[in-house]
Structures are given as structure tokens and as C-alpha cells.
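Computed from heavy atoms alone, side chains included, the values below leave out hydrogens, waters and symmetry copies. Because the structure is predicted, anything quoted here is derived from the model rather than measured. Both counts, for ligands and for their atoms, begin at 1 and track the order of listing.
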Amino acid sequence: MPDFIGRAINRRSLLRGAAGLAAAASLRNGAQAAPANEFKLTAEPARVSLVGEAQPTTDVWCYAGQVPGPEIRLRQGEPVRIVVENRLEENTTVHWHGIRLPVAMDGVPGLTQPPIKPGESFVYEFAPPDAGTFWYHPHANSLQQLGRGLAGALIVDEREPVAVDRDIVWMLADWRLTADAQIASGFGNSMEAGMAGRIGNTVTLNGRISTNERVHAGERVRLRLINCALARVMSLRFDGHRPVIVSTDGQPCEPHEPEGGRILLGPAMRIDVILDMQGEPGRRYQVIDDFYDGRSYWLTHLAYDEGPANRAPRPEAPLPLPRNPLPEPDLGKADTYELKLQGGMMSGAGMMGMSHGATWAINGVSMTGDGHAGMAPIITLQRGRSYIVTMLNQTAWWHPMHLHGHSFRVLRRNGAPVPHREWADTVLVPPREKVEVAFVADNPGDWMLHCHVMDHQVSGMMTILRVA
Ligand code: C2O
Ligand code: CU
């Protein structure tokens, strides 16, 4: 990790300032300049300690030998080159979740690139247009590869630093572990696939069970929450604190407190909050996840050190983050399109009509596995046009629906306007509900749209939108 981070920092400092901008510009044109910010990422098996030193270590698949993978920090608009080497015994790819990048860099095997075979490498190159909180994970054998630990945070810094005392990432992962701390087998069991998906028994924060996260009275923290669970939806409550949401899925929003003080975070979703540490020195405050009835647990505690507050609590409310260069959909001229989410257990219609091996469908079509070349897009969108897409959940289960290559505005839920019309790339659609989102189809290519509950994705809740 020091090697990895060190290289990035060195490159970055070289690229700072006017000279840096010139270098970055020439790189974008493919000139023979020095390499841009360069990272190397190896997907490999490793043993890590997830559940504490006193317990056995866990066999995982991960990036750079660590869980989560190394945090990759990029600067908005600056080109990056990431060499991914596959030291697993099966094919992989990396998907840069939420980054609006060229389709050839999107990491979907068979659709946007050939899979990276064991022993081979693939070079990803892009310049992230948006500052915010993103993450990376494989898009091959996704249920197992993500479930065995392949995931990392991808943070794109704003051009001007944001005024906070600390910037912290919490990668939240969910594992199903056996008594000897090994990853339980049984990925893809069809009962689970037709229900809520593989929900585990152990939630880690940055790769370990966390009892305390140290904080200091008076500090203002930007906390980036990333749910990288296979299936677990989270609803986080910070005892004694009032987090203010400033960004959803990497896109700034009007700062606001979450409804009922709970931060709802489906798989693959990210929320940045500003947390003013107004608790008492020496005290601990629970962070609770109580999404599932009767199964609430504390994720960790905010543990204040004994030191006195280093400043009076800030009176001023957090400011909005600078906007990203997202095209605003023209709702007056938008075409509309409906996607029906279908299937699963207790759907009424049962699982009838699904093709072999499929449990779920979108508009009657099941695309399973990781997708394959030659699968026809469900619709072709005209490049540059605005679209309103309605997702109608006809099932009894929650679906975090993710669109590659674009961010969309969440307009309405069950016909009612959403208060902050926040941007997202993954929207949680509750059972039997309807969500309308809008975006400009400005990024040409074939883009996946799928549920991010991995069991659901691999058993049919996936499709392709073409932008041409
Ligand atoms: Cu985060 Cu298609 O995925
Ligand atoms: Cu789903």
C-alpha cells in the first residue's frame, strides 16, 4: 500500500500547478508525454483479518492484498492510467462504478472489453469528469468476486479543497462467515436469488469489525459512506449527531438532513455527509443500522477522545459542494420509457415464464450472468436527448437499480416529487413502488442497467441501454 499510494502522490505533485495542467492536457491528446497519474492494481487471493486479531484470518480475493482495496484518489478532469493485473484463477474486469467514462473503459466483459484472463493485464484510462465518491469492483463472476472482497473506494477530489477538518471514507461490506471466519460457500443459491439476495452475518467498516471510530470534539468531518455489500440495505442513524447529506452517488445536492435522521443506503450507493462532532469529550455514541425489522445492530461508535473541543461548534451550516458538469435533462422535451422489474418469490405471477436459470426479468427479458456479447439492447437512446425512465417494481423485493455511464436525477416516487431531486447512478426502488429518473443520454455506447443486489443481477435483472 505505501508503494501504491506513494507513487500516486509523487505523480500528483509533479502534475500540480500550471505545468501540471499543460502536461495533463497533452496527455489527453495521446502525446508521448510522461505517463499521467498511474496506478497499478492487482486482483489476487490473500488472507486478511476481518473479525479481529484474536480470530482466524479469512481467505479472500482482493486488490493489492488488502480489504478493502487501496483507496484511489484522483483529481477531477485529470487523466489517469490504471493497470489491472489478474492474479486470480478466473477471469476478471474492473468497473469504475459511477464514473462517466468512455464505454471501452467501463469494465463489462464481453460487452465493453474482453475479460482479463488469469496472468493478464488490462490498462484502464480515463479522466473523471465529476468530483465525488465512487468505487471500483469486478464485473465478472460478480456475485463471488465482490462477495469475496474485491472492492475499493475511488475518490475524485474537487478542484478546490472543501472546508472540513477531516475527510473520511467508510467502506461498508457485508460478509457471510463461518464460525472459523471463512467465507461461507453457497453463492448463488436459488432460494436467496429469488428473495433478498445473499445477506451476510458480519458487517465490516474499512475491512474490519469496528467498535470505535476516533473523533475529536468540535471537528467537522466529511464522511463518505459507501455500501459495497452484495445485498444488504443499510439505514444508518448517528446517535446524538445530525449528519447533513451533501452528496449522493458522487453528485452534490442541496445540503439537507436525512428523513427521520436515517441515511438509507442500498447496495452500491454512496452518501457523503458533513458531521459536526458536537458530542462530549470522552463519550461514545452508537452508529446504528436498523434497516431490517428486528435485526438492528451497531455498526460502530463515534468515540470522542478526552481532549477539549478545538473550536466552538460551527454555527454555519455546511455549504453545498461545487456542482459537477452534468447536463440537465430537458423534462419538457424528454422521451419517456418504462422498465418493469419482474420476478422473484412472492411476485404473484410466481417465476413463470422466466427462461431457464433466470429468476428476474426487466420487461419480460432476463439477461443473466455478467452479460454476453451479442445481447441486443432493450432500447436505443438518441445521443444528446433527454429521457425520463420509469422503473416500476412489480416484485416483493428491494432493488438498487444502477445505470452505467450516466448520472440521473431522481424526479418522483410513486408520482410524488422527490424533495431534493438528487442525482444518482443507483436508485433504490422499494417493493411495488415506482421511481422516475431523468437524464441526458450523452455518453455513446452500450450501457448496463441492472440491479446491484448481485444475486438479482446474475439471475436476470439486467439489461442494456444503447446510446447512439
Ligand atoms: Cu457497480 Cu454494473 O455495477
Ligand atoms: Cu434486485
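None of the N, O or S atoms belonging to H452 lies under 2.8 Å away from atom 2 (Cu) of ligand 1. With 2.8 Å as the limit, C451 counts as an N, O or S neighbour of the Cu ion (ligand 2). The distance from atom 2 (Cu) of ligand 1 to the nearest N/O/S atom of H95 is not under 2.8 Å. Within the coordination shell of atom 2 (Cu) of ligand 1, defined by N, O or S atoms under 2.8 Å, H404 is present.
As for H137, its N/O/S atom nearest atom 1 (Cu) of ligand 1 is the one called NE2. With respect to the Cu ion (ligand 2), H456 has ND1 as its nearest N, O or S atom. Residue H399 approaches the Cu ion (ligand 2) most closely through its N/O/S atom ND1. The nearest N/O/S atom of H97 to atom 1 (Cu) of ligand 1 is ND1.
Counted by atom type alone, D157 and Q76 present zero donor-acceptor pairs between their side chains at under 3.5 Å. Residues R270 and T133 bring no donor and acceptor atom of their side chains to less than 3.5 Å of each other.
Here R409 pairs with E328 in a salt bridge; the nearest charged N to carboxylate O distance falls below 4.0 Å. Taking a cutoff of 4.0 Å between a charged side-chain nitrogen and a carboxylate oxygen, R100 and D425 do not qualify as a salt bridge.
Taking atom 2 (Cu) of ligand 1 as the apex, the angle formed with NE2 of H450 and NE2 of H139 is 110°, to the nearest 10 degrees.
Both the sub-6.0 Å distance and the 45° axial angle are satisfied by R198 relative to the ring of F187.
Side-chain rings of W397 and H399 stay apart, their centers remaining 6.0 Å or farther from each other.
Considering only heavy atoms from C-beta on, P79 stays 4.5 Å or farther from E125 through its side chain.
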